[in-house]
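Reviewing the structure listed below.
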Amino acid sequence: MNIAILGFGVVGSGVAEVIKNNSDSILKNSNVSLKVTRILDIRDFSGNEYENIITNNFDDILGDDTIDIVVETMGGVKPAFDFVLACLNKGKHVVSSNKELVATKGYELLEAAKKNNVNFLFEASVGGGIPIIRPMSRCLAGNKISEVAGILNGTSNFILTKMIMDGMSFADALKLAQDKGYAEKDPTADVEGLDAMRKICILASLAFGYHVYPDGVYSEGISKITLEDVAFAASYDSVIKLIAMTKKLSDDKALVMVSPRLVKNDSMLSGVNGVFNACLVRGDATGDVLMYGKGAGSLATASAVVGDVIDCASYSEERKFFGWDDKKENYLADYLDCETALYVRATGADKAAIEKAFGSVQYLTRENQGADEIAFVTPVKKEKELRDTLACLNMNVLSIIRTADY
Ligand code: HSE
């Protein structure tokens with residue numbers, strides 16, 4: 001089957017490499033023969049081994065009837081959306097690694113795929129090389145899923161790991177992640193939680209059957225986490241992780257959010273370090289399942305793309321049943337109405353007043369703790385109640401971080 005790749009960057013070039021290196025084993029194991037025949041990129045690739053098949057004209061791909069499957073690894077919504085839609089309408093299968101595209105336009109593109117009886121698959125859009133979408137939609141299809149929680153951004157997990165294990169500063173760790181090619185072009189999307197938020201929107205849509213659009217989903221990143229917070233968390237037998245989560249509250253309500261959380265050391269998610277991602281799926285029949293692997297990087301992400309390409313080739317005549325409904329009004333719960341415990345770090349606090357306000361709290365300690373510095377974990381209550389109580393206390397709050405219960 002002939003393949004075209006839109007965007008010859010980190011992931012697109014990885015896809016070409018995996019297909020080239022593994023074509024024999026792909027043929028043997030899946031009975032599918034894959035060949036990259038066209039690549040779209042506006043940059044100059046003189047001297048590159050694919051130089052002769054690189055074009056800067058999308059119509060060379062759209063108009064080429066010998067191309068059956070198009071891989072979109074451009075990122076962003078424009079012009080990726082127009083290109084993908086045009087390919088689907090032309091009867092070509094499309095595989096995308098583009099989480100922004102799927103999170104914002106997934107329903108529309110899935111409908112276009114259905115109308116044209118072709119596949120639109122996007123395993124690589126969440127968790128890089130980790131199989132998540134297919135296991136959730138196939139292997140766990142017999143379950144009612146109640147909750148999905150994951151470490152879904154490799155860059156921020158890499159940064160937090162460097163802070164926790166090596167005491168590295170946030171800025172130095174970010175620079176290292178960028179040098180390793182994990183970060184987005186604009187790393188704000190990584191460190192402020194936007195990238196993980198797009199991914200959990202996709203998983204929430206898949207788990208509960210309604211498209212969850214990024215607008216209106218609460219997301220908080222890791223840029224305000226300090227080494228002091230990391231040290232206090234350790235005294236609570238915890239590590240700080242950026243957790244993207246969704247929980248079904250009823251048939252009409254789900255919580256979807258991203259924020260740093262204190263994760264207990266005995267949690268399956270606590271040992272997920274460096275660029276690795278993990279996704280915990282809670283099913284009524286299976287209980288908790290954890291999928292774990294490299295969440296970013298050229299070949300790891302290409303592995304997921306090529307898996308989808310093989311699926312498209314195997315289901316080239318008969319479309320896979322795969323999709324979800326459009327958004328449901330008033331579906332997203334307000335996180336302030338949901339229960340959690342909060343870690344709080346402050347100065348100028350009065351312990352007696354804290355205990356009177358919260359009933360009881362657990363105090364945390366760290367080496368070289370400031371004489372006026374205090375850290376504690378509140379009881380579990382609705383977040384709004386906890387924040388209202390904190391606002392009434394006369395102290396200088398430096399950090400507030402939620403806890404996790406998985
Ligand atoms: N910047 C993303 C990450 C790449 O760090 O996880 C994979 O989506």
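As the structure is a computational prediction, the values presented were derived from the model and not from experiment.
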Worked verdict on Arg38 versus Asp64 for salt bridge (charged side-chain N to carboxylate O under 4.0 Å, His left out): CA-CA 9 Å; Arg38 270 291 189 194; Asp64 185 339; 5.2 Å; no
Under a 4.0 Å threshold between the charged nitrogen and the carboxylate oxygen, would [Y] count as salt-bridged to [X]?
X: Lys381; Y: Glu339; answer: no
X: Lys99; Y: Asp195; answer: yes
X: Asp337; Y: Lys382; answer: no
X: Lys115; Y: Glu111; answer: no
X: Lys162; Y: Asp172; answer: no

Does any donor atom in the side chain of [X] or [Y] lie under 3.5 Å from an acceptor atom in the other side chain?
X: Thr188; Y: Asp186; result: yes
X: Ser259; Y: Glu220; result: no
X: Arg345; Y: Thr226; result: yes
X: Glu355; Y: Tyr363; result: yes

Neighbour count above 12 (heavy atom, 6.0 Å) for Lys253 NZ: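 Yes, NZ of Lys253 has more than 12 neighbouring heavy atoms, counting only those of other groups under 6.0 Å.
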Enclosure of Lys92 NZ (heavy-atom neighbours >12, cutoff 6.0 Å): yes
Qualifying residue, where the test is side-chain contact (heavy atoms from CB on, under 4.5 Å) with Ile243 and the options are Leu280, Ile200, Val258, Leu269: Leu269
Residues that Asp179 engages under side-chain hydrogen bond (donor to acceptor under 3.5 Å, both in side chains), provided they are two or more places apart: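 Here the qualifying residues are Lys175.
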Spatial distance of atom CG (Leu390) from atom CD1 (Ile354) [nearest 0.5 Å]: 8.5 Å
Parallel, tilted or perpendicular: rings of Phe376 and Phe358 (30°, 60°): tilted
Lys241: partners by salt bridge (Lys or Arg N to Asp or Glu O under 4.0 Å), with sequence neighbours left out: none
Partners meeting side-chain contact (heavy atoms from CB on, under 4.5 Å) with Tyr213 (sequence neighbours left out): Tyr107, His211, Asp326, Lys327
